[in-house]
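Notes to accompany the following structure.
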Amino acid sequence: MYRFLLTPRWWGINLFVVLAIPFCIFMGTWQLGRFEDRVQTHDAAEKQPAPGTRAAKPIDDLLPVDTVTSGRPATATGRYADQFLVPGRKLDDKSGFYVLNMLRTDGGKALPVVRGWLPGRPGHTAVPAAPTGEVTVTGDLQASENAGTTGVDSSGGLPPGQLGMISAASLVNLVPYDVYDAWVTLQDTDATGSLRPVPAAAAQGTGLDLKAFQNLGYTGEWFVFAGFVLFMWFRLVRREAEAARDLKLGLVSDTDAGTNADTNAGTGTGTTADTEAGTRPAIATASTDATAPTDTTDAADPHVSADAG
């Protein structure tokens, strides 16, 4: 009954199933691993001490920025140079902008330093001047922003002196010196109190954010796909087996069996039993109609039978 599984058409179907199910399981397992990694990094970040309780280290000792060094206090010495305003940044659900200054270090490279946050819009709010002379700053280390960072304006078209994204890739086009691929946010702002410190953000990939739960959702989708492939294979095998059984019992011809198998596999409707159920009453009616005239004639003219007697 199941010899049809060895036909060329079914070889192709079987090969697809054999390849599709392991692939779906592999992808589902991979997505689940991504989610578990995020959970582990989130737990590790929760167990780390607060940035303010850790000893500060020179900026060069903490690079490159990763999930371990992100948020660590970093120190650098130099002189403030160019200043940029970063619009569209919120603090405590209030709109404002960052005040960013480039700190030229003794090594020649410049470190972007966010001195604080101000409410309002750039150009409409007075900005405190940066300290002059050589200064040593200590701030929480942050990785360069990207297009997916909250608050980033990657559309461009900002006025001169404004910056949409704090990253070395953006700053190298605005300043004539090398820039660190990182930035720091000062927690001790100016004494006047007009600048508010910008809290350090958690490193990307360390929190249970929406993307983490997307990985969990993709895990379920891949396992569902694997189950669906297996279900459809069993469904097609059952339909084909039913058609082969009907052909063996002589209920349908070879042509009808092939048609019914294709119809059942493609639409899941219509069976040989339904076809026979529809034709048998018609055959019975035709037989009755063939004998009915003789019976009617005899019953309608009794005199003919009497005369013949």
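The analysis underlying the following values was restricted to heavy atoms, covering all of them including side chains, and did not include hydrogens, waters or symmetry mates.
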Over all atoms of both residues, closest heavy-atom pair of [X] and [Y]:
X: Ala226; Y: Ile25; result: CB-CG1, 4.3 Å
X: Gly151; Y: Arg89; result: O-NE, 3.1 Å
X: Ala81; Y: Asn101; result: O-ND2, 4.2 Å
X: Gln83; Y: Pro128; result: OE1-O, 4.4 Å
X: Gln162; Y: Pro87; result: OE1-CG, 3.4 Å
X: Asn146; Y: Gly148; result: OD1-N, 2.9 Å

Who are the side chain to side chain contact (heavy atoms under 4.5 Å, CB included) partners of [X], not counting sequence neighbours?
X: Met165; result: Glu145, Val152, Ser167, Ser170
X: Lys94; result: Trp117
X: Thr125; result: Phe97, Leu118
X: Arg79; result: Glu134

Hydrophobic cluster identity match, [X] and [Y], side-chain contacts under 4.5 Å:
X: Leu163; Y: Val113; result: no
X: Leu236; Y: Leu230; result: yes
X: Val224; Y: Met27; result: no
X: Val65; Y: Val184; result: yes

Applying side chain to side chain donor-acceptor pair (under 3.5 Å), can you list everything that pairs with [X], at least two apart in sequence or on another chain?
X: Thr150; result: none
X: Trp233; result: Asn14
X: Arg238; result: none
X: Thr77; result: Thr136

From [X] [atom1] over to [Y] [atom2], what is the distance, rounded to the nearest 0.5 angstrom?
X: Lys57; Y: Thr75; atom1: NZ; atom2: OG1; result: 11.0 Å
X: Arg38; Y: Phe213; atom1: CZ; atom2: CZ; result: 10.5 Å
X: Tyr80; Y: Leu100; atom1: OH; atom2: CG; result: 9.5 Å
X: Arg34; Y: Leu216; atom1: CZ; atom2: CG; result: 13.0 Å
X: Leu141; Y: Trp183; atom1: CG; atom2: CH2; result: 9.5 Å
X: Leu171; Y: Leu174; atom1: CG; atom2: CG; result: 6.0 Å

### Task
Could you go through the side-chain contact (heavy atoms from CB on, under 4.5 Å) check for Val137 and Leu103 one step at a time?
CA-CA 9 Å; Val137 299; Leu103 183 70; 3.6 Å; yes

### Task
Kindly give the cluster partners of Leu19, where membership spreads through any ILVMFWY side chain lying under 4.5 Å from a current member.
Leu15

Report yes if the side chains of [X] and [Y] come closer than 4.5 Å at any heavy-atom pair, otherwise no.
X: Val114; Y: Leu186; answer: no
X: Met102; Y: Pro112; answer: yes
X: Arg9; Y: Glu240; answer: yes

### Message
Could you go through Leu91 and Val198, starting from their C-alpha distance and side-chain angles, then the distance that decides it, and tell me whether this counts as side-chain contact (heavy atoms from CB on, under 4.5 Å)?
### Response
CA-CA 8 Å; Leu91 186 63; Val198 177; 5.5 Å; no

#### Entry: side-chain contact (heavy atoms from CB on, under 4.5 Å) evaluation trace for Ile166 with Tyr98
CA-CA 10 Å; Ile166 307 174; Tyr98 293 166; 4.0 Å; yes

### Query
For Asp92, which residues count as a salt bridge (charged side-chain N to carboxylate O under 4.0 Å, His left out) partner, sequence neighbours excluded?
Arg196

### Query
Tell me, which pairs form a side-chain hydrogen bond (donor to acceptor under 3.5 Å, both in side chains) where one or both residues lie in residues 22-31, sequence neighbours left out?
Gln31-Asn215

### Task
Test Gln187 against Asp140 for side-chain contact (heavy atoms from CB on, under 4.5 Å), laying out the working first.
CA-CA 8 Å; Gln187 300 306 308; Asp140 294 340; 3.5 Å; yes

### Message
Counting the benzene-type ring for Trp, do Phe26 and Trp222 have ring centres under 6.0 Å apart?
### Response
no

### Task
Answer yes or no: is there a donor N or O on one side and an acceptor on the other, between the side chain of Ser95 and the main chain of Lys90, under 3.5 Å?
no

### Query
Is it the case that more than 12 heavy atoms not belonging to Asn173 sit under 6.0 Å from its CG atom?
yes

### Query
Should the heavy atoms of other residues, nucleotides or ligands under 6.0 Å from OH of Tyr218 be counted, would the total exceed 12?
no

Give the table of side-chain donor-acceptor pairs shorter than 3.5 Å for residues 175-182, with sequence neighbours excluded, one pair per line with atom names and distance.
unit_1 : atom_1 : unit_2 : atom_2 : d
Tyr177 : OH     : Asp82  : OD2    : 2.4
Tyr180 : OH     : Asp60  : OD1    : 3.1
Asp181 : OD1    : Ser144 : OG     : 2.6

